[in-house]
Amino acid sequence: MKYWLVKSEPGAYSWEDLLKDGWTYWDGVRNYQARNNLREMKKGDQVLYYHSNKGLHIVGVARVTKEHYQDPTTSDERWVVVDIEPIKPLNTPVTLSDVKSDARLKNMPLIKHSRLSVMPVTKKEFDLIMRMGK
DNA sequence: GCCAACGTTGGC
DNA sequence: GCCAACGTTGGC
């Protein structure tokens with residue numbers, strides 16, 4: 001199983017929106033690197049859910065329920081989506097400054113490559129964030 | 001609201 | 001194929 005992190009502006013689509021909907025397709029990715037990461041996602045992979053712009057924290061964990069397929073919001077064949085559903089919220093959201101101030105998380109693209117919206121997370125990073133969010 | 005970082009576009 | 005101009009993202 002692999003681990004990922006996706007970013008969403010809560011004003012556009014928040015963790016609460018995902019809880020309310022029960023699932024969603026992750027659309028709107030228009031960046032090749034992020035798209036390639038979507039293509040790598042397998043059913044059952046776990047996904048950290050990060051609020052950008054407002055919040056600046058990881059608020060919950062989701063799961064991939066359907067692997068990549070054509071983005072239904074465009075006819076452009078270059079872009080894909082995956083389906084995700086919420087698993088559970090973090091009791092304590094892990095903030096960007098928490099991530100920045102922990103040396104074990106300093107290689108996360110969240111910090112090093114701040115504009116990437118879909119990124120891989122190592123098991124170590126994932127486990128640590130889960131512990132921090134307990 | 002500003003601006004740095006970065007990706008994309010288009011002229012040459 | 002280079003690079004300047006431009007648009008977008010996202011933290012501050």
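Numbered from 1 within each chain, the chains take letters A, B, ... in sequence-line order.
Residue A:Trp79 contributes atom CH2, which lies 7 Å from atom P of B:dT8 at whole-angstrom precision. One atom, CG of A:Leu110, and another, P of C:dG10, lie 10 Å apart when rounded to the nearest Å. Rounded to whole Å, the distance from CG on A:Asn53 to C1' on C:dG10 is 5 Å. Between the P atom of C:dT9 and the CG atom of A:Leu56 lies a distance of 16 Å, rounded to the nearest Å. For the pair A:Tyr32 OH and B:dT8 P, the interatomic distance rounds to 6 Å; values are reported in whole Å. Regarding A:Arg115, its CZ atom lies at a distance of 17 Å from the P atom of C:dC6, rounded to whole Å. Taking atom CD of residue A:Gln33 and atom P of nucleotide B:dG7, one finds them 7 Å apart after rounding to whole Å. Per the geometry, NZ belonging to A:Lys54 stands 15 Å off P belonging to C:dC12, to the nearest Å.
Contact check on A:Lys123 versus A:Asp127 returns a salt bridge, with a Lys/Arg side-chain nitrogen under 4.0 Å from an Asp/Glu carboxylate oxygen. A:Asp17 has a carboxylate O that lies under 4.0 Å from a charged side-chain N of A:Lys20, or vice versa, which qualifies the two as a salt bridge. A salt bridge is absent between A:Glu67 and A:Lys43: the closest approach of a Lys/Arg side-chain nitrogen to an acidic carboxylate oxygen does not fall below 4.0 angstrom.
At the phosphate of B:dG7, OP1 or OP2 sits under 4.0 Å from a side-chain N or O atom of A:His113. Dashed line: the shortest gap from a side-chain N or O of A:Tyr50 to OP1 or OP2 of C:dG11 is under 4.0 Å. OP1 or OP2 of C:dG10 lies within a sub-4.0 Å distance of a side-chain N or O belonging to A:Lys7.
Looking at heavy-atom distances under 4.0 Å, A:Lys100 makes contact with sugar-phosphate atoms alone, never a base.
Checked against C:dG10, B:dG7, B:dT8, the side chain of A:Glu9 finds its nearest nucleotide in C:dG10.
Judged by a 6.0 Å distance limit and a 45° cone about the ring axis, A:Lys66 is positioned over the six-membered ring of A:Tyr69.
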